[in-house]
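A short worksheet on the structure shown next.
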Amino acid sequence: MEDCGRAVTGPRPSPGYDRVATSLDATRCAPPVTIRFLPARLAPEAFAITTTARTITIRAATTRARLYAAGWLLRHLDDLTLTAPTHVTEAPATAIRGTQIGYRAKNNSYDAWTVAMLTRRIEDFALLGANRIQFVAPVSDDAASSPLFPLPATEMLVAVAAATHRLGLDVALFYPLLRDYAKLGSTDAEVADIATLAAKLPALDALYIPGGDPGHTAPDRLFPLAQRIAGTLRRRFAKAEVLLSTQGFDAAGLDAFHAQLARNPRWLSAIFVGPQTRDGIAAHRRRTPARYPIETYPDTAHTMHAQFPIPDWHPAFALTQGREPVNPRPMATDRIFAHLAPGTRGFVTYSEGVNDDWNVTQWFRLGWNPTTPASDVARDYARMFVGDMAFAAVPLALESNWRGDPSANAGIDATLRLVDGIRPARWADWRIDLYRYRATYDALVRHRLIAAGATQGEAFWTLRQAPATGAEPAAVAARFAYARPEPAIVAPLRADLTVIADRLWQRARMQLSVPRHGASHWERGANLDRADIQLNDRTVVEAEIADALTKPDAAARLYAIGDPWRTRDMALYDDLGDPANEPHLVRGPGFDADPQSMASAIDGVADHVPDQGWRIADLSYAEGLYETPVRLRYTGLERNRRYRLIARWAGEDYALPMRLTGNGVELHPFRPRTGDRETVETAIPQGLTADGTLTLEWHRPAGIGGGGRGHQVAQTWLIPEPLTGASQ
């Protein structure tokens with residue numbers, strides 16, 4: 001063969017290791033290599049590999065350890081050439097390394113997978129170092145079935161549990177408690193249902209019962225019910241663990257949960273900490289009795305309205321790609337793992353399909369060795385799933401695409417060129433198309449946003465000329481600006497995106513569209529349906545133009561449409577939710593110190609679109625979680641000037657009341673939002689700005705549970721009042 005004499009490539013050897021290059025290609029260029037598996041007196045998850053020119057010997061005590069060794073070999077192969085130490089011994093650093101598979105209608109892919117596909121998926125996880133696969137029970141806050149199911153839910157659960165057990169991995173079940181347990185007979189019915197399900201399973205090593213998300217059972221009922229479930233379950237699976245989570249509770253409920261823990265129930269194996277939990281991981285370590293291990297349940301799937309929102313994410317990405325896009329986050333995952341892992345025994349990542357395949361992979365590799373650099377994970381991923389080492393630069397490039405304003409980020413186009421240049425091996429699977437899809441989508445958003453910004457800028461400029469040019473000419477010019485055709489680059493990007501999406505449906509049953517692929521909802525990863533939404537305010541502005549032309553002073557009204565920042569009023573403006581246009585927002589500790597944004601400002605986008613008549617500035621908003629206020633800080637104010645605040649309460653459809661303070665003084669008490677968009681005007685007492693500074697804070701009621709979200713402010717204008725004769 002042509003490449004018989006090529007140089008061996010691969011990672012540089014570690015100091016003190018002799019390396020050998022072993023060809024696994026049984027051709028005339030190299031004799032075949034023998035791989036031997038031998039028993040060994042090693043820890044259940046440890047393995048040892050010895051490599052010579054013609055033999056690879058793997059020593060391991062268990063099936064799972066042999067799988068881990070096989071995965072190690074695959075991660076050290078370059079074009080069927082193994083470059084490895086002559087001897088290596090490895091064992092994982094973390095006790096529990098799991099992920100969730102949800103065979104349910106909301107999932108963005110798995111509900112259309114066959115037993116063979118899911119079995120292969122579990123095998124891949126095992127090769128990456130997984131030791132526990134958690135399945136969502138056929139009881140959840142979801143439809144009972146999916147039109148895409150190849151098998152009924154319980155039949156599929158039994159089949160994939162058997163496949164997991166055959167591989168020597170732990171079988172786990174995520175089982176929410178959804179009944180009203182104050183009703184007579186509901187507890188007995190729940191225990192009977194679990195007993196019936198357990199009787200059908202070939203194995204069950206752990207049962208995870210969330211306190212909420214979904215579920216709403218108060219701790220005084222949750223703990224006795226879980227105790228009964230544990231007793232019933234262990235009659236079938238004697239060593240099965242039972243874990244509870246602290247999700248969903250309000251402050252009083254979380255205190256009640258810890259009061260139950262303080263009783264040291266012997267049936268409880270551990271607790272797990274996931275999304276929608278009021279206390280951070282440090283508080284859990286402090287409050288949990290030492291006898292109970294802590295696991296984490298990190299959300300790897302979502303980008304916003306989530307446990308780890310993308311920091312400073314531009315609204316154009318949030319509006320189009322949504323909360324469940326293809327989302328490799330190598331640097332962020334490093335930080336999240338370092339934040340959550342200390343003091344815990346491991347994790348089960350919360351996934352919604354294949355969109356977060358990179359993140360799940362990185363969690364497995366960090367669970368095995370927490371010092372593994374993201375660059376090493378990328379090279380391993382390239383070897384195992386792509387076959388072109390150029391891929392190793394892609395995850396970080398895609399993460400960088402989402403920093404800053406996409407219209408100003410030329411790196412997005414460079415990332416697409418990088419991905420387009422990758423030449424996957426013949427055996428490469430659907431994964432390469434995940435990243436083609438994301439890179440193409442990013443480029444489409446970038447070029448559509450450039451065009452949308454240019455047309456809106458031209459439209460607003462012409463509207464501000466209305467007092468000089470006249471209302472009708474200004475309106476015609478603004479409409480003409482909005483009607484400009486899209487750039488030539490957009491149509492081929494859109495066509496490529498659709499082709500890749502269809503290929504992902506064919507190869508991985510990824511549901512990127514509701515009508516094309518049968519997705520349950522656009523928010524569940526079906527962002528192909530969002531790729532063409534407006535990225536400016538055309539719909540609402542053209543409606544306002546039509547209305548203004550019916551009024552007596554149409555020119556003045558058109559001017560106001562073209563000046564949403566109220567520059568004529570000398571307003572200090574914040575478009576909250578747009579990271580580049582919220583100069584007075586106090587961001588707090590930020591992602592590096594606070595990955596869950598428990599004490600940091602969060603930029604978000606509502607579940608509406610500009611096409612529905614929403615301004616983008618109303619769709620985007622700032623919020624804080626739980627008791628963290630939305631905080632704005634002004635300096636350099638005129639000391640002898642009065643100010644008034646205009647605040648736009650908009651965003652998602654929350655009706656939680658908010659209280660406003662200025663420099664700690666109440667400006668208005670708790671008041672509910674009366675609609676999906678509401679304008680609230682507040683006079684600022686002159687004494688509050690006498691030193692030239694002002695700190696505004698919007699608070700929600702204390703102690704509320706759930707996700708901790710709901711006090712959202714979309715826009716603010718702090719406007720100086722005209723000076724009166726007495727104040728001049």
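The basis for the numbers below is simple: all heavy atoms, side chains too, and nothing from hydrogens, waters or symmetry mates. Residue numbers count from 1 along this sequence.
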Using a 4.5 Å cut-off on heavy atoms from C-beta on, say whether the side chain of Arg436 contacts that of Leu416. no
Check for a donor-acceptor pair, side chain of Gln465 on one end and backbone N or O of Thr462 on the other, with a separation under 3.5 Å. no
Hey, are the side chains of Asp611 and Arg538 touching, using non-hydrogen atoms and a 4.5 Å cut-off? no
Test your reading of the model: is there a side-chain donor-acceptor pair from Arg438 to the backbone of Val326, 3.5 Å cut-off? yes
Answer yes or no: is there a side-chain heavy-atom contact under 4.5 Å between Asp618 and Gln715? yes
Return all side-chain donor-acceptor pairs below 3.5 angstrom for residues 308-317, not counting sequence neighbours, or 'none' if the list is empty.
| residue | atom | partner | partner atom | Å |
| --- | --- | --- | --- | --- |
| Asp312 | OD1 | Arg587 | NH1 | 3.1 |
| His314 | ND1 | Ala316 | N | 3.0 |

Examine distances only and state if a side-chain atom of Asp388 and a backbone atom of Arg423 form a donor-acceptor pair shorter than 3.5 Å. yes
Between the main-chain N or O of Ser407 and the side-chain N or O of Arg446, is there a donor-acceptor pair closer than 3.5 Å? yes
Results of ring-ring contact (aromatic ring centres under 6.0 Å, His included) for Tyr654 - residues two or more places apart only: none
Minimal non-hydrogen separation, Leu528 against Ala501, with atom names: CD2-CB, 3.8 Å
A cation-pi test, strictly: NZ or CZ of Arg530 under 6.0 Å from the centre of the six-membered ring of Trp522 and no more than 45 degrees from its axis. Yes or no? yes
For Met304, does its backbone N or O pair with a side-chain atom of His302 as donor and acceptor, under 3.5 Å? no
In this structure, CD of Glu544 is separated from CD of Glu542 (nearest 0.5 Å) by 11.0 Å
Salt-bridge criterion met for Arg709 and Glu623 (N-O under 4.0 Å): yes
Can any side-chain N or O of Arg323 pair as donor or acceptor with the backbone N or O of Thr303 at less than 3.5 Å? no
Residues in side chain to side chain contact (heavy atoms under 4.5 Å, CB included) contact with Arg484, at least two apart in sequence or another chain: Thr455, Glu458, Phe480
By side chain to side chain contact (heavy atoms under 4.5 Å, CB included), Arg104 pairs with (sequence neighbours left out) Lys106, Asn107, Val136, Ser140, Asp141, Asp142, Tyr350, Glu352, Arg524
Using side-chain contact (heavy atoms from CB on, under 4.5 Å), reason through Glu652 and His305 one step at a time and then give a plain yes or no. CA-CA 10 Å; Glu652 296 168 79; His305 312 167; 3.5 Å; yes
Would you find a donor on one side and an acceptor on the other, under 3.5 Å apart, between the side chain of Asn327 and the backbone of Thr300? yes
Could you check whether Arg507 pairs with Asp433 (Lys NZ or Arg NE/NH1/NH2 to Asp/Glu carboxylate O, under 4.0 Å)? yes
Residue set satisfying side-chain hydrogen bond (donor to acceptor under 3.5 Å, both in side chains) with Trp358, at least two apart, ordered chain then number -> Gln362
Please list all pairs passing the side chain to side chain donor-acceptor pair (under 3.5 Å) test where one or both residues lie in residues 555-565, with sequence neighbours left out. Asp563-Thr567
Return yes if a side-chain donor-acceptor contact under 3.5 Å exists between Ser351 and Asp356, otherwise no. yes
Taking all non-hydrogen atoms of both residues into account, name the closest pair between Tyr110 and Ile101 and its distance. CD1-CG2, 3.8 Å
Would you call the rings of Tyr573 and Trp717 parallel, tilted or perpendicular, taking 30° and 60° as the class edges? tilted
Trace of the salt bridge (Lys or Arg N to Asp or Glu O under 4.0 Å) decision for Arg615 with Asp537: CA-CA 5 Å; Arg615 289 188 182 275; Asp537 298 331; 3.7 Å; yes
Taking the side chain from Asp676 and the backbone from Asp653, do they hold a donor-acceptor pair closer than 3.5 Å? no
Please name all residues satisfying ring-ring contact (aromatic ring centres under 6.0 Å, His included) with Tyr482, sequence neighbours left out, ordered by chain then number. none
Just checking, is any N or O donor in the side chain of Gln247 or Tyr297 under 3.5 Å from an acceptor N or O on the other one? no
Side-chain touch Gln307/Gln276, heavy atoms, less than 4.5 angstrom: no
Measuring from atom CD1 of Ile684 to atom OH of Tyr643, what distance do you get when rounded to the nearest 0.5 angstrom? 11.0 Å
Write out all pairs satisfying side chain to side chain donor-acceptor pair (under 3.5 Å) with one or both partners inside residues 391-402, taking only residues at least two apart or from two chains. Ser400-Arg403, Asn401-Thr415, Asn401-Asp442, Trp402-Asp442
With the side chain counted from C-beta on, respond yes when Thr440 and Leu444 share a heavy-atom pair under 4.5 Å apart, and no when they do not. no
Who passes ring-ring contact (aromatic ring centres under 6.0 Å, His included) against His668, sequence neighbours left out? Trp649
Using the test ring-ring contact (aromatic ring centres under 6.0 Å, His included), find all partners of His608 that sit at least two apart in sequence or belong to another chain. Trp614
Any side-chain to backbone donor/acceptor pair from Asp594 onto Ser600? Under 3.5 Å, distance only. yes
Taking all non-hydrogen atoms of both residues, which atom of Trp430 and which atom of Leu504 are closest, and how far apart? O-CD2, 3.7 Å
Ring-face cation contact, Trp505 with Arg509, 6.0 Å cut, 45° max: yes
Side-chain contact, heavy-atom cut-off 4.5 Å: Ile450 with Pro487? no
Does some side-chain heavy atom of Pro564 sit less than 4.5 Å from a side-chain heavy atom of Phe460? yes
With Ala382, which residues qualify under side chain to side chain contact (heavy atoms under 4.5 Å, CB included), at least two apart? Met389, Phe391
With salt bridge (Lys or Arg N to Asp or Glu O under 4.0 Å) as the criterion, how do Arg673 and Glu678 come out once you've worked through the C-alpha distance, each side chain's angles and the decisive distance to 0.1 Å? CA-CA 7 Å; Arg673 197 169 90 200; Glu678 180 179 2; 5.8 Å; no
Any side-chain heavy atom of Glu681 sitting closer than 4.5 Å to one from Leu645? no
If you measure only the distance, is there a donor-acceptor pair under 3.5 Å linking the side chains of Glu582 and His584? no
Between Ala143 and Ala105 the two heavy atoms that sit nearest each other are CB-CB, 4.3 Å
Is any side-chain N of the basic residue among Arg644 and Glu721 closer than 4.0 Å to the acidic one's carboxylate O? yes
Whether the side chain of Tyr441 engages the backbone of Asn527 through a donor-acceptor N/O pair (distance < 3.5 Å, no angle test) should be reported. yes
Run the side-chain contact (heavy atoms from CB on, under 4.5 Å) test on Glu472 and Leu549 for me, step by step, so that the C-alpha distance in whole Å, both residues' side-chain angles and the decisive distance to 0.1 Å come before the verdict. CA-CA 8 Å; Glu472 286 288 354; Leu549 292 176; 4.2 Å; yes
From the options Leu637, Asp569, Asp574, select the one residue that forms a side-chain contact (heavy atoms from CB on, under 4.5 Å) with Leu718. Leu637
Please report the shortest heavy-atom distance between Pro610 and Thr539, naming the atom on each side. O-CB, 3.7 Å
Nearest atoms (heavy-atom pairs only) where Pro589 meets Ala599: CD-O, 3.2 Å
Which residues pass the side chain to side chain contact (heavy atoms under 4.5 Å, CB included) test with His711, not counting sequence neighbours? Val630, Met658, Arg700
